[in-house]
Undergrad: 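My structure is below; once you've seen it, I'll send some questions.
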Number of protein chains: 2
Amino acid sequence: MTCTSLANADVSDYEMIEATRAVLGLVSGRWSIDVLYLLASGTRRYSELFYEVGEISKKTLTQTLRSLQRDGLVARRAYADVPVRVEYSLTPLGWSLTGPLMSLYEWAAAELDGVSALRGSVSMPPPEGHT
Amino acid sequence: MTCTSLANADVSDYEMIEATRAVLGLVSGRWSIDVLYLLASGTRRYSELFYEVGEISKKTLTQTLRSLQRDGLVARRAYADVPVRVEYSLTPLGWSLTGPLMSLYEWAAAELDGVSALRGSVSMPPPEGHT
DNA sequence: CGGTATCCAGCCCGATACTG
DNA sequence: CAGTATCGGGCTGGATACCG
């Protein structure tokens with residue numbers, strides 16, 4: 001079976017593939033992770049996200065936000081103030097996803113040791129020559 | 001800090017974002033997960049993967065394999081037999097990644113319960129609550 | 001401030017055909 | 001069997017300008 005690291009060996013490969021890929025799809029956007037992590041540290045206004053993410057365009061930030069919103073990971077709240085104010089935050093579902101996401105980070109930190117190998121492009125020192 | 005769900009609150013947001021995105025990058029190919037899960041259940045020949053993955057093209061399968069290979073997740077082994085034979089398998093690093101990947105699947109199974117909420121890609125026929 | 005509209009570039013992926 | 005070569009299409013994301 002596939003899952004030696006877990007107990008539920010009764011689910012099909014196909015089901016795991018589909019589901020895993022679907023989850024990956026939720027955060028596959030170029031900036032999804034950035035937005036998720038930023039919102040994990042607190043509610044933000046649109047312009048705060050725009051500034052803090054860095055090089056993102058407004059169009060793409062909006063797209064990213066809408067996508068996360070549609071998937072139920074992020075909540076949008078608009079206030080009728082006169083310079084308009086909109087705040088984004090993580091939903092409970094969004095929060096729950098930070099766990100699995102952290103396990104990916106943990107893996108990187110443990111296996112790739114400091115992530116230095118990941119910056120730019122991943123170049124692993126070959127544990128043994130592959131022919 | 002950001003990580004209320006974990007203990008290591010001493011790493012920067014930036015570092016987590018970079019690392020998490022890097023890991024995501026390793027498996028971001030359309031077929032990476034399929035290949036990884038398939039290889040997780042045992043070594044396969046090229047043609048076996050080609051058949052088992054389903055709708056993938058040879059070019060894309062090769063690309064996916066090369067990418068996973070470059071990242072150190074998959075090992076390639078060629079035999080000089082006369083109908084050429086090539087076998088692919090997971091490296092220890094590849095194996096170690098199946099854990100974090102499973103936690104993504106677990107999340108989907110727990111939070112999305114049937115994956116129906118996952119846009120378009122996953123078409124679950126009739127929801128006959130299995131628990 | 002918080003977006004849209006429009007145009008455009010790059011990348012990933014597929015189909016088909018050919019090769020050692 | 002296990003690829004490579006070539007052409008092409010769709011989708012994501014960027015730049016800029018404009019709007020309530």
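The analysis underlying the following values was restricted to heavy atoms, covering all of them including side chains, and did not include hydrogens, waters or symmetry mates. Letters go in sequence order (proteins before strands), and every chain restarts at 1.
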Undergrad: Which is the 5'-most and which the 3'-most nucleotide of DNA chain D that has an atom under 4.0 Å from a heavy atom of chain B?
TA: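 It runs D:dC1 to D:dC7.
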Undergrad: How many Å lie between CZ on B:Arg85 and C1' on C:dG20, as a whole number?
TA: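 That distance rounds to 18 Å.
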Undergrad: OH of B:Tyr46 versus C1' of C:dG20: gap in Å, rounded?
TA: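 Value for this atom pair: 15 Å.
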Undergrad: Can you measure B:Ile56 atom CD1 to C:dA15 atom C1' for me and round it to whole angstrom units?
TA: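 Roughly 13 Å, once rounded to whole Å.
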Undergrad: Mark yes or no for whether B:Arg44, through its side chain, and B:Leu38, through its backbone, hold a donor-acceptor pair below 3.5 Å.
TA: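 At least one qualifying donor-acceptor pair exists.
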Undergrad: When the distance from NZ of A:Lys58 to C1' of C:dT6 is rounded to whole Å, what number comes out?
TA: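 After rounding, the gap between these two atoms is 15 Å.
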Undergrad: Send over the distance from A:Tyr79 OH to C:dG3 P, rounded to a whole Å.
TA: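 After rounding, the reported distance stands at 13 Å.
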Undergrad: Less than 4.0 angstrom between a side-chain N/O of B:Arg30 and OP1 or OP2 of C:dG14, yes or no?
TA: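 Looking at the OP1 and OP2 atoms of C:dG14, neither is under 4.0 Å from any side-chain N or O of B:Arg30.
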Undergrad: Using C1' atoms of five pairs at each end, report the bend of the helix from C:dC1-D:dG20 to C:dG20-D:dC1 rounded to 10 degrees.
TA: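 Between the first-five-pair axis and the last-five-pair axis there is 50°.
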Undergrad: Heavy atoms only: give me the nearest A:Thr91-A:Gly72 pair and the separation to one decimal.
TA: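 Closest heavy-atom pair between A:Thr91 and A:Gly72: OG1-O, 2.5 Å.
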Undergrad: Would you indicate what B:Val84 reaches in the nucleic acid, counting non-hydrogen atoms under 4.0 angstrom: base, sugar-phosphate, or nothing?
TA: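 If one applies the 4.0 Å heavy-atom cut-off, B:Val84 turns out to touch a base.
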Undergrad: B:Leu49, B:Tyr79: one ILVMFWY side-chain cluster at the under-4.5 Å cut-off?
TA: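 No, separate clusters.
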Undergrad: Can you tell me the distance, in whole Å, between the CG atom of A:Asp81 and the P atom of C:dG2?
TA: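 Taking atom P of C:dG2 as the reference, CG of A:Asp81 is at 10 Å.
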Undergrad: Return yes if some donor-acceptor pair links the side-chain N/O of B:Ser67 with the main-chain N/O of B:Gln63 below 3.5 Å, else return no.
TA: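 Looks like no, no N/O pair under 3.5 Å.
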Undergrad: Take atom CD of A:Glu48 and atom P of C:dG2, then tell me their distance rounded to the nearest Å.
TA: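 The answer, rounded to whole Å, is 8 Å.
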Undergrad: Where do A:Ala78 and A:Val86 come nearest, in terms of heavy atoms and distance?
TA: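 For A:Ala78 and A:Val86, the tightest heavy-atom pair comes out as CB-CG2, 4.1 Å.
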Undergrad: Could you pull out the protein-nucleic contacts involving nucleotides 7-11 of chain C (nitrogen or oxygen on both sides, under 3.5 Å)?
TA:
none

Undergrad: Does B:Tyr51 share a hydrophobic cluster with B:Val35, counting links as ILVMFWY side-chain heavy atoms below 4.5 Å and allowing steps through other members?
TA: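 No, separate clusters.
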Undergrad: Got a second to check how far A:Tyr14's OH is from B:Glu52's CD, nearest 0.5 Å?
TA: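 Result: 14.5 Å between the selected atoms.
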Undergrad: Has B:Tyr105 got a side-chain atom pairing as donor or acceptor with A:Val23's backbone, closer than 3.5 angstrom?
TA: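 Looks like no, no N/O pair under 3.5 Å.
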Undergrad: Within the pair A:Ser47 and C:dG2, is there a side-chain N or O less than 4.0 Å away from OP1 or OP2?
TA: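 So the side-chain polar atoms of A:Ser47 do come within 4.0 Å of the phosphate oxygens OP1 or OP2 of C:dG2, strictly under.
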Undergrad: Considering every strand and a 4.0 Å limit on heavy-atom distances, what is the contact class for A:Tyr88: base, sugar-phosphate, or nothing?
TA: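 Here A:Tyr88 touches the backbone only, sparing every base.
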Undergrad: Does B:Arg66 have a side-chain nitrogen or oxygen under 4.0 Å from the phosphate oxygens OP1 or OP2 of C:dC12?
TA: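 So the side-chain polar atoms of B:Arg66 never come under 4.0 Å of the phosphate oxygens OP1 or OP2 of C:dC12.
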